[in-house]
2 protein chains.
Amino acid sequence: MSIDSKIKEVKKCPVQYVLAIQEAMNAIQGKWKVHIIASLLFGPKRFSEIQKSVGRINPRMLSKELKELELNGIIKREIQNISPVVIEYSLTESGCKLKKVLDAMIDWGIEHRVISLKKLKHGK
Amino acid sequence: MSIDSKIKEVKKCPVQYVLAIQEAMNAIQGKWKVHIIASLLFGPKRFSEIQKSVGRINPRMLSKELKELELNGIIKREIQNISPVVIEYSLTESGCKLKKVLDAMIDWGIEHRVISLKKLKHGK
DNA sequence: TATAGCACTATACTTTTGTATAGTAAGTTA
DNA sequence: TAACTTACTATACAAAAGTATAGTGCTATA
């Protein structure tokens, strides 16, 4: 069975919708996950590079979030076999596809702010 | 200026992206928000109706989540002027538009699960 | 040999989020 | 009048999420 028809089949059951949303929420929830994913959308990075690009995150949190993202199949961790050892984090296929979700959120967020402003202007 | 051109203007600045995503995350994060929004996608509902449709949520949590959703401009709370007083919750314009975000999450979630299963089958 | 960078881990703590349970004020029905 | 429904609020607590700070083991460079 092709992936497309598998997807169509799964979509018939509404319970799957809830599970699917839960899976997506898992992937992006937490204070730093979206920042980390966004940073990796520009290409693979090392621990310290992510730390710099994300900002005020401390190593304990970064380590924890990276582990969760790896466990959820959003990023992969690869040890380059050179000396000194270099560890590179990058998005998986699924991880890259999260961009669509983020884009939907950006579109909604921008529209939402414009609608709110409009309502403020027109009294209430 | 039209909303569309306002949106285009805002989109030029990448900082707005982060704010937009944050706003969207605010709208849906929390254990019960997605359930509540999903329940209201089928039409306006009263407190006890939402409580039934969402499941094991307790009134303290439902009350808190509804207040946050109202504050964020996702739902509106309307007091019907009949006796006995009926209070109805419904999605705002913005709230309805969240469906697109949820749909993107559903699509991603289903694809993600299929990809994960495929990888399990093909060893690792 | 000392110092620095990398990729983390350990410990202790604070804050936020969620749960359990009971109670209240107002109106409705038997 | 008593019991019931609706739409919550109050109090106390448990669990999860996040922060601050220090330390470890490794390699590389001065």
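Sequence lines set the chain letters: A, B, ... in the order given, protein chains first and strands last, and positions in each chain run from 1. Heavy atoms only: backbone and side chains are in, while hydrogens, waters and symmetry mates are out.
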Heavy-atom side-chain contact between A/M105 and A/L102 under 4.5 Å: yes
Donor-acceptor under 3.5 Å (A/W108 side chain, B/I21 main chain): no
Protein-nucleotide distance (B/I87, atom CD1; D/dT9, atom C1'), rounded to Å: 13 Å
Five-pair end axes of the helix from C/dT1-D/dA30 to C/dA30-D/dT1, angle between them (10°): 10°
All side-chain hydrogen bond (donor to acceptor under 3.5 Å, both in side chains) counterparts of A/Q29, not counting sequence neighbours: none
side-chain hydrogen bond (donor to acceptor under 3.5 Å, both in side chains) involving A/E93 - partner list, sequence neighbours excluded: A/K97
Distance in angstrom units between A/L66 CG and C/dC6 P, rounded: 16 Å
B/Q51: side-chain contact (heavy atoms from CB on, under 4.5 Å) partners, not counting sequence neighbours: B/F47, B/I57, B/P59, B/L62
Gap separating the NZ atom of B/K76 from the CG atom of B/L69, nearest 0.5 angstrom: 13.0 Å
Rounded interatomic separation in angstrom, taking CD1 from B/I82 and C1' from D/dA7: 14 Å
Partners passing side-chain hydrogen bond (donor to acceptor under 3.5 Å, both in side chains) against B/E68 (at least two apart in sequence or in another chain): B/K33
Side chain proximity check, A/I50 to A/L66, heavy atoms < 4.5 angstrom: yes
Sub-4.0 Å heavy-atom contacts from residues 69-81 of chain B onto DNA chain D, ordered by number: B/R77
side-chain N/O B/K67 vs D/dA7 OP1/OP2, d < 4.0 Å: no
Qualifying residues under side-chain hydrogen bond (donor to acceptor under 3.5 Å, both in side chains), relative to B/T92, sequence neighbours excluded: none
Pairs meeting criterion salt bridge (Lys or Arg N to Asp or Glu O under 4.0 Å) with involvement of residues 40-61 of chain B, two or more places apart: none
Length of the line joining A/K33:NZ and D/dG18:C1', which is rounded to integer Å: 12 Å
Residue-phosphate contact under 4.0 Å: B/Y89 side-chain N/O, D/dT6 OP1/OP2: no
Mutual orientation of the aromatic rings belonging to B/W32 and B/H35 [parallel < 30°, tilted 30-60°, perpendicular > 60°]: tilted
Within residues 40-49 of chain B, residues whose heavy atoms come under 4.0 Å of DNA chain C: none
Residue list, side-chain contact (heavy atoms from CB on, under 4.5 Å) with A/A104, at least two apart or on another chain: B/V101, B/A104
Per-nucleotide protein contact string for nucleotides 13-30 of chain C, where B marks a base within reach and S marks sugar-phosphate only (heavy atoms under 4.0 Å, - for neither): -----BBB------SS--
Set of residues satisfying salt bridge (Lys or Arg N to Asp or Glu O under 4.0 Å) with respect to A/K67, sequence neighbours excluded: none
Under 4.0 angstrom between A/S63 side-chain N/O and C/dT9 OP1 or OP2: yes
